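Atoms considered below: every heavy atom in the structure, side chains included; atoms not considered: hydrogens, waters and symmetry mates. These figures come from a predicted structure and were not determined experimentally.
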Amino acid sequence: MLDTLADIALIISLIGFVLFFIPTKFKNYFAVFAVIALEAGLLLKLPEFFAENNFFYPILIIAALPIVYITVKRLLNDDGTVKRFMYGVGIALTVYMPFALIAPLGNWLIGTVVYWIRIVFDAVGFEYKMADWNIFESAQVIPGYSSGYLDEIILGCTGITAIAILIGVVFLTKTNLIQRIGLLFLAIVPIYIINIFRNVFVIMSYFGQWFPDYPTGLGIDSLFTHPTIPGYTSFFWSHNVMCEIGAFIVIIVIALLLFKFTPGLVSSIREIINVYVCDLKLIFGKKPKA
């Protein structure tokens, strides 16, 4: 039920951003509508993230609440900097949503990732089986079970979220066509390749049980274990901790490279950050420096 409501909210947000792209006197209101629906959709997905013991996205989603408030307030005041920021957010959502909503398109992207993971495994001699077209299974059966460890490749494993975000960043400033193509190449190709090896690392560490231990006696044992997934601790450390943090760092590094090749993008990002930092200081009772 919550998943359905979240998807509806995200679709509504996409529609709002598409209408925002159209130059009308109501475009700011469409952007307000879109950003509120986007945050609502993400909040509705919190139970899903918590069920997966994924702490990284919930932190970002909850931390975004004051950002949404600032965005709405400034859009209603026709703030040009925030409108430019919303344009980048809208582009990112427009890139991502077709893969999330159109099953054949999403499955195609998942299939390409599965293909390249198998290429890497075959190249390094890592033994595995395919339980389904997108589910890897360890070659060895788990003691006490009838099958091996299982790892399913889903849309979230394709890197499309990070790619969409960086494409949105590219569109935050005006550039010529050649430069924009180069920036898109820099945003898409490294993320896609790094994501293949991220999946390779998660599967190999989970199947090989590289990280079987977790802190005990802290009252948080359930964070590192799962009632139906054997050997979950290794998956938790490799996927939910190491790779989530690593993916965030990779996005930052690639964004810095984008800034290096596009000085205008640096000034656009700096202006956007300054707007939100100043407003956040006001919200939390600290007067910003002149």
Hey, could you give me the [atom1]/[atom2] distance between [X] and [Y], rounded to the nearest 0.5 Å?
| X | Y | atom1 | atom2 | value |
| --- | --- | --- | --- | --- |
| H239 | S205 | NE2 | OG | 10.0 Å |
| L183 | I167 | CG | CD1 | 11.5 Å |
| I160 | I188 | CD1 | CD1 | 8.0 Å |
| L256 | I251 | CG | CD1 | 12.0 Å |
| M86 | I272 | CE | CD1 | 8.5 Å |

Between the side chain of [X] and the main-chain N/O of [Y], is any donor-acceptor distance below 3.5 Å?
| X | Y | result |
| --- | --- | --- |
| S238 | S234 | yes |
| N134 | E152 | no |
| D279 | I70 | no |
| N274 | R270 | yes |
| N195 | C157 | yes |

Are D151 and Y128 linked by a side-chain donor-acceptor pair shorter than 3.5 Å?
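No pair is found: no donor N or O on one side chain lies under 3.5 Å from an acceptor on the other.
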Is it the case that the side chains of T158 and Y192 hold a donor-acceptor pair, with the cut-off being a distance below 3.5 Å and no angle test?
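The answer is no; no qualifying pair exists.
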Any side-chain heavy-atom pair from [X] and [Y] closer than 4.5 angstrom?
| X | Y | result |
| --- | --- | --- |
| I61 | K45 | no |
| F85 | Y276 | yes |
| L10 | M97 | yes |
| V35 | S13 | no |
| Q179 | L184 | no |
| F21 | Y87 | yes |
| N107 | I110 | yes |
| Y232 | Y149 | no |

Kindly indicate whether a cation-pi arrangement holds for R180 with F171, taking the cut-offs as under 6.0 Å to the six-membered ring centre and within 45° of the axis.
yes
According to a 4.5 Å side-chain heavy-atom criterion applied to Ile, Leu, Val, Met, Phe, Trp and Tyr, with indirect links allowed, do [X] and [Y] form part of one hydrophobic cluster?
| X | Y | result |
| --- | --- | --- |
| I154 | I191 | no |
| I153 | V124 | yes |
| I165 | F17 | no |
| I135 | M204 | no |
| I8 | V18 | no |

Which residue is it: F121, Y206, F207? I am looking for the one with a ring-ring contact (aromatic ring centres under 6.0 Å, His included) to F136.
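The passing option is F121.
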Mark yes when over 12 heavy atoms from residues, nucleotides or ligands other than [X] sit less than 6.0 Å from its [atom1]; otherwise mark no.
| X | atom1 | answer |
| --- | --- | --- |
| F30 | CZ | yes |
| Y69 | OH | no |
| E127 | CD | no |
| F33 | CZ | no |

Report the C-alpha distance between L44 and D7 in whole Å, list the side-chain angles of each, state the deciding distance to 0.1 Å, and finish with yes or no for side-chain contact (heavy atoms from CB on, under 4.5 Å).
CA-CA 9 Å; L44 287 167; D7 289 341; over 6 Å; no
Compare every heavy atom of [Y] with every heavy atom of [X], then report the nearest pair and how far apart it is.
| X | Y | answer |
| --- | --- | --- |
| D79 | R74 | OD2-NH1, 2.6 Å |
| S147 | V141 | O-CG1, 3.5 Å |
| L166 | A187 | CB-CB, 3.7 Å |
| G156 | R198 | O-NH2, 3.7 Å |
| A164 | Y96 | CB-CB, 3.9 Å |
| I22 | K27 | O-CB, 3.8 Å |

Which residue pairs satisfy the salt bridge (Lys or Arg N to Asp or Glu O under 4.0 Å) criterion with at least one member in residues 132-149, sequence neighbours excluded?
K129-E137
W108 vs F99 aromatic rings, parallel, tilted or perpendicular, using cut-offs 30° and 60°?
parallel
